[in-house]
Amino acid sequence: MVGPSRPLFVLFGSSIVQFSFGHGGWGATLADIYSRKADIVLRGYSGWNSSRAVEVIDQVFPKDAVIQPSLVIVYFGGNDSMGGHPSGLGPHVPLPKYVENMKRIASYIKGLSEKTRVIFLTCPPVNEEKVKQLSSDLLSELVRSNESCQKYSEACVELCREMEVEVIDLWTAIQRKDDWATSCLTDGMHLSAEGSDIVVEEILKVLREAKWEPSLHWRSLATEFSEDSPYDLVAADGKSTVNICQSTFHWSKQWD
């Protein structure tokens, strides 16, 4: 670890997480918002389902690690909700098994430390027509439906309510935009920059409203090396300096 110590946020999930550091991705935006406040670590694995995650969660989050996360944001469900393959292979996980897996993931992460907080993200919707256009000589047909995503999303929300885990219903949040099917998704399944902005808005809302001590909202966290210095930029009066460590002029959107 590089010091001084900052809060550690881990993003854990499948391709929605792995791709989140791409251009305009929600993980990259969080890293920008929390620069000099928290370290955002990516643990995204494209193609994974909740069963694969359960198999290796103790390797991703060792219980004997010296530093445990302050926050883990978890996303699994899109691949689980895919239609099953006749061979029995593939990422599909039956709904009851998915709920059991997510319960195990939540319990494990909550047990990492007394101060480790968890947010679950549900399945976003899919643009079925766009997905049907996807084809590859390497893969069998991708069977994705918005109805199935809804069922897995609702099951995740219900589980989180039972376990008192914060949850963001992406299936509902993204569909609040009239043109979500084209503006919020790239290939019909993965998030565009506009879709990622919705994820960031929802995450910041949870962090702002959660009754967590200490608060993990970006405005509440200390800024590293925020003290004044004679090496800062010289002010207009020519006699003092200005510490610009908390300036947000470079943001295309001013986050709350």
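The first residue in the sequence is number 1, and the count goes up from there. Predicted model, so just to flag it, every value in this text is computed and none were measured.
Note: H92 and Y152 have perpendicular aromatic rings, judged against thresholds of 30 and 60 degrees for the angle between ring planes.
Enclosure of atom CD in E227 by more than 12 non-hydrogen atoms of other residues, nucleotides or ligands within 6.0 angstrom is indicated. Under a cut-off of 6.0 angstrom, the local environment of CG in D178 is sparse, with at most 12 non-hydrogen atoms contributed by other residues, nucleotides or ligands.
Annotation: side chain of Y34 is in contact with side chain of L221 (closest heavy-atom distance under 4.5 Å). In this structure, the side chains of V200 and I33 come closer than 4.5 Å at one or more pairs of heavy atoms. In this structure, the side chains of E128 and S145 come closer than 4.5 Å at one or more pairs of heavy atoms. At a threshold of 4.5 Å between non-hydrogen side-chain atoms, the residues W26 and V17 count as touching. Using a 4.5 Å cut-off on side-chain heavy atoms (C-beta onward), L191 and T186 make no contact. Contact annotation: the side chain of L207 approaches that of L71 to within less than 4.5 Å [non-hydrogen atoms, C-beta and beyond]. Proximity of F120 to I73: side-chain heavy atoms (C-beta onward) are nowhere separated by under 4.5 Å. Within the 4.5 Å cutoff, the side chain of I168 has heavy atoms near those of the I203 side chain.
For the atom pair CD (Q133) and CD (E129), the distance works out to 7.5 Å, reported to the nearest 0.5 Å. How far CD1 of I16 is from CG of L11: 12.5 Å, rounded to the nearest 0.5 Å. Residue S240 holds its OG atom at 9.0 Å from CG of D228, rounded to the nearest 0.5 Å. One finds the CD atom of Q18 at 12.0 Å from the CZ atom of R43 (value rounded to the nearest 0.5 Å). Y75 OH to S20 OG: the interatomic distance, rounded to the nearest 0.5 Å, is 12.0 Å. Taking CD1 of I119 as the start and SG of C160 as the end, the distance is 10.5 Å to the nearest 0.5 Å.
Side-chain atoms of H217 and S215 include no donor-acceptor pair closer than 3.5 Å. Remark: the Q150 side chain and the E154 side chain contain an N/O donor-acceptor pair separated by less than 3.5 Å. With 3.5 Å as the limit, one finds no donor-acceptor pair spanning the side chains of W180 and N127. D32 and H250 form a side-chain donor-acceptor contact under 3.5 Å, judged by distance and modelled atom types alone. Of the N and O atoms on the side chains of Q254 and T248, at least one donor lies less than 3.5 Å from an acceptor on the other residue. At a cut-off of 3.5 Å, with distance as the only test, a side-chain donor of N146 or Q175 sits close to an acceptor on the other residue.
The two residues S14 and N79 come nearest to each other via the heavy atoms CB-ND2, 3.7 Å. Between C245 and T223, the shortest heavy-atom distance links the atoms SG-CG2, 3.8 Å. The two residues L204 and W218 come nearest to each other via the heavy atoms CD2-CD1, 3.9 Å. The heavy-atom pair separating L170 from T122 by the smallest distance is N-OG1, 3.0 Å. Across every non-hydrogen atom of I105 and S50, the tightest pair is CD1-O, 4.3 Å. The two residues L185 and P125 have their closest heavy-atom pair at CD1-O, 3.7 Å.
In the hydrophobic clustering of ILVMFWY residues, with side-chain heavy atoms under 4.5 Å counting as a link, L42 and I67 come out apart. V41 and V199 are members of different hydrophobic clusters when ILVMFWY side chains are connected at heavy-atom separations under 4.5 Å. Residues Y98 and Y45 share a single hydrophobic cluster, defined by chaining ILVMFWY side chains whose heavy atoms lie under 4.5 Å apart. At a threshold of 4.5 Å between side-chain heavy atoms, the hydrophobic network of Ile, Leu, Val, Met, Phe, Trp and Tyr places M102 and L112 in one connected group. The cluster map of Ile, Leu, Val, Met, Phe, Trp and Tyr, joined by side-chain heavy atoms under 4.5 Å apart, puts V74 and L159 in the same cluster.
Applying the salt bridge (Lys or Arg N to Asp or Glu O under 4.0 Å) test to E202 and every residue at least two apart in sequence or in another chain returns R176. Residues satisfying the salt bridge (Lys or Arg N to Asp or Glu O under 4.0 Å) test with E158, not counting sequence neighbours, are none.
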**Message:** Checking I109 against I57 for the side chain to side chain contact (heavy atoms under 4.5 Å, CB included) test, could you report, in this order, the C-alpha distance in whole Å, the side-chain angles of both residues, the deciding distance, and whether it holds?
**Reply:** CA-CA 9 Å; I109 293 174; I57 193 169; 4.1 Å; yes

**Request:** Please lay out, stage by stage, how S15 and W48 fare under the test side chain to side chain contact (heavy atoms under 4.5 Å, CB included).
**Result:** CA-CA 8 Å; S15 55; W48 279 28; over 6 Å; no

**Request:** Show the numbers, then the answer: is there a side chain to side chain contact (heavy atoms under 4.5 Å, CB included) between W255 and D197?
**Result:** CA-CA 10 Å; W255 299 100; D197 279 354; 3.7 Å; yes

**Asked** Would D169 and S153 satisfy side chain to side chain donor-acceptor pair (under 3.5 Å), going step by step from the backbone distance to the final call?
**Response** CA-CA 7 Å; D169 180 359; S153 177; 3.1 Å; yes

**Prompt:** Run the side chain to side chain contact (heavy atoms under 4.5 Å, CB included) check on R219 and K37 step by step: do they pass?
**Reply:** CA-CA 9 Å; R219 291 188 184 275; K37 290 177 177 288; over 6 Å; no

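Not a single donor-acceptor pair under 3.5 Å links the side chain of S220 to the backbone N or O of L216. Between the side chain of Q68 and the backbone N or O of P62, at least one donor-acceptor pair lies under 3.5 Å. Without hydrogens or angle criteria, S247 side chain to F249 main chain gives no donor-acceptor distance under 3.5 Å. Between the side chain of R6 and the backbone N or O of I40, no donor-acceptor pair lies under 3.5 Å. The closest donor-acceptor contact from the side chain of S192 to the backbone of S183 lies under 3.5 Å. In this structure, the side chain of R144 does not engage the main chain of V131 through any donor-acceptor pair within 3.5 Å.
Screening residues 94-110 for salt bridge (Lys or Arg N to Asp or Glu O under 4.0 Å) gives K97-E100 as the qualifying pairs, with residues at least two apart or on separate chains. Residues in residues 48-61 take part in these salt bridge (Lys or Arg N to Asp or Glu O under 4.0 Å) pairs, two or more places apart or across chains: R52-E55. Annotation: salt bridge (Lys or Arg N to Asp or Glu O under 4.0 Å) contacts involving residues 59-83, sequence neighbours excluded, are absent. Applying the salt bridge (Lys or Arg N to Asp or Glu O under 4.0 Å) test to every pair with at least one member in residues 183-195, sequence neighbours left out, gives these pairs: K177-E194.
In summary, R117 and E166 do not engage in a salt bridge, as defined by a charged side-chain N under 4.0 Å from a carboxylate O.
Aromatic ring centres of F76 and F12: separated by under 6.0 Å. With ring centers used as reference points, F61 lies 6.0 Å or more from Y108.
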